[in-house]
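Structure record follows, encoded as structure tokens.
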Amino acid sequence: MVVEADRTRAAQSELDQPVGLISPRRLGFAVKIAGRPDLKDHDSRRWQNEPHLRVSLEYLDRIFDYLAEHGIRMYRLSSDIAPYSTHPDLPQFHHQIEESREALAAIGARARDLDLRLSMHPAQYIVLNSPHEHVADASIRDFAHHADFLDALDLDLDAKIVTHTGGVYGDRDAAAERFVRRYEALPESVRRRLVLENDEVSWAVEEILPIHERTGIPLVFDTLHHAVNNPSGIAPHEALHRCLATWPVGQMPKIHVSTQRSANREVSRRGPGSATRSLVSVAAKPGQHDDWIDGGDFLAFLAGAGEVRFDVMLEAKQKQLALLRLREDLRAAGQAHDIW
DNA sequence: CGATGTCAAGGAATC
DNA sequence: GATTCCTTGACATCG
């Protein structure tokens with residue numbers, strides 16, 4: 001059976017670890033499966049057509065097939081998996097978790113069988129520290145829904161909900177204060193899963209560390225965001241270590257890794273008012289994700305990381321294809337035993 | 001059928 | 001105060 005074979009390989013890999021050589025335990029990717037339009041990540045029909053979580057879970061089962069086939073053990077679920085489930089004007093969609101209990105239990109059991117680490121990352125509209133109470137309230141409801149969903153899968157506490165701090169609104173201290181106050185008022189079901197990621201514009205590592213100190217919330221280190229937003233110039237590995245240290249004993253920390261899109265690239269574009277496509281050179285904006293992960297950069301980052309362990313969520317446009325290619329790059333560099 | 005418009009939701013920068 | 005960008009794809013409708 002595939003699962004048993006994977007477990008055996010897992011045990012073997014642990015034994016093969018050279019003493020002192022540090023590695024992530026898992027490589028994961030987010031939501032969409034590149035090049036496989038048949039593998040949908042959620043039921044995306046409009047509300048008029050009554051989309052449902054049960055349909056999304058059938059899709060997810062097919063994605064799990066793919067993950068099992070490729071030995072991938074970390075995956076970010078779509079936050080739209082239960083369509084309109086917190087939409088204020090569509091209460092008829094608010095009970096999908098209850099309506100899907102059995103399917104949720106089954107897919108959760110399968111995730112555990114496959115030793116899959118799952119996570120979620122609510123959309124940009126979820127802003128806990130917003131000065132607008134209605135935005136904060138909607139965010140709290142959304143977090144609670146995400147937690148209920150992961151709980152319905154009966155997943156352990158490595159299954160996290162990732163968020164950003166939010167805005168600054170011209171007063172950083174007040175913005176941090178709102179985050180802390182509202183975090184502390186969150187239900188335990190949310191607090192035990194919520195983790196905070198440094199972002200690319202407003203809240204750098206040095207600015208979320210104080211929030212961790214006040215709340216205990218674990219920090220997800222994002223390498224690209226740190227490269228783009230690092231006002232006091234903290235060295236990447238220093239930032240990494242500080243974030244890893246915020247995780248409780250017994251939970252495996254995770255980080256986000258991506259490669260920045262290079263300055264110029266050729267893309268196929270549809271001309272204005274015309275149906276024909278042609279190759280055009282466009283400038284990339286700073287902080288954009290590249291299609292792939294640079295294997296050399298990744299290896300160098302690991303080599304300098306020291307005696308620490310963490311899982312790695314890859315954020316690349318080519319999704320799981322970037323993960324598979326990175327594996328090949330690492331294998332070519334003699335690090336295959338070392339990487340999941 | 002291909003092209004175009006739309007989608008629940010926010011924040012920041014710019015004017 | 002209003003507009004645009006961010007970023008994303010696929011559904012839904014229009015011509």
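Chain letters run A, B, ... following the sequence lines, proteins first and then strands; every chain starts at 1.
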Query raised in the report: Taking NE2 from His42(A) and C1' from dA8(B), how many angstroms apart are they, rounded to a whole number?
Result: 13 Å
Report summary line: Letter by letter from the 5' end, nucleotides 10-15 of chain C scores (B base, S sugar-phosphate only, - none; protein heavy atoms under 4.0 Å) BBS---
Collect all protein-nucleotide pairs involving nucleotides 11-15 of chain B in which both atoms are nitrogen or oxygen and the distance is under 3.5 Å.
unit_1  : atom_1 : unit_2    : atom_2 : d
dG11(B) : OP1    : Ser130(A) : OG     : 3.0
dG11(B) : OP1    : Tyr169(A) : OH     : 2.6
dA12(B) : OP1    : Val168(A) : N      : 2.6

**Report entry** Between His226(A) and His237(A), ring centroids under 6.0 Å
**Finding:** no
Query - Between P of dT7(C) and CG of Asp199(A), the distance in whole Å - result: 12 Å
**Report entry** Atom P, compared across dT6(B) and dT7(C): separation rounded to whole Å
**Finding:** 22 Å
Query raised in the report: For Phe64(A), what residues pass the ring-ring contact (aromatic ring centres under 6.0 Å, His included) criterion, not counting sequence neighbours?
Result: none
**Report entry** Ring centres under 6.0 angstrom apart (Phe149(A), His145(A))
**Finding:** no
**Report entry** Flag if over 12 foreign heavy atoms under 6.0 Å of CD, Glu50(A)
**Finding:** no
Query raised in the report: Hey, which of Leu326(A), Leu323(A), Leu27(A) is the one that makes side chain to side chain contact (heavy atoms under 4.5 Å, CB included) with Ile293(A)?
Result: Leu326(A)
Query - Minimum heavy-atom distance Ser100(A)-Arg54(A), with the two atoms named - result: OG-CG, 3.5 Å
Requested in this report: Would you kindly give the NE2-to-P distance between His94(A) and dA9(B), to the nearest whole Å?
Outcome: 14 Å
Query raised in the report: What distance, rounded to whole Å, do you find between the two C1' atoms, one in dG1(C) and one in dA8(B)?
Result: 23 Å
Query raised in the report: What pairs with Asp297(A) under salt bridge (Lys or Arg N to Asp or Glu O under 4.0 Å), at least two apart in sequence or on another chain?
Result: none
Requested in this report: Would you give the length of the straight line joining atom CG of Asp291(A) to atom CZ of Arg325(A), rounded to the nearest 0.5 angstrom?
Outcome: 8.5 Å
Query raised in the report: For Tyr59(A) and dG9(C), what is the distance between atoms OH and C1' respectively, to the nearest whole Å?
Result: 15 Å
Report task. Could you label the plane-to-plane angle of the Phe179(A) and Tyr183(A) rings as parallel, tilted or perpendicular, counting under 30° as parallel and over 60° as perpendicular? Result -> parallel
**Report entry** Consecutive Watson-Crick or G-U pairs in runs of at least 3, all under 3.5 Å, in which DNA chain C is involved
**Finding:** B:1-7 with C:9-15, B:10-15 with C:1-6
Query raised in the report: How many Å lie between CZ on Arg36(A) and P on dG9(C), as a whole number?
Result: 18 Å
Query - pi-stack flag for Tyr125(A) and dA9(B), centroid dist under 5.5 Å, interplanar under 30° - result: yes
Query raised in the report: What is the distance, rounded to the nearest whole Å, between atom CZ of Arg141(A) and atom P of dG10(B)?
Result: 12 Å
Query raised in the report: Nearest-Å distance, CG (Leu90(A)) to P (dA9(B))?
Result: 11 Å
Report summary line: Atom CZ of Phe93(A) and atom P of dA8(B) are separated, to the nearest Å, by 11 Å
Report summary line: Across all chains, not counting sequence neighbours, the side-chain hydrogen bond (donor to acceptor under 3.5 Å, both in side chains) partners of His256(A) are Glu197(A), Glu315(A)
Query raised in the report: Relative to each other, are the rings of His121(A) and His164(A) parallel, tilted or perpendicular (30° and 60° limits)?
Result: tilted
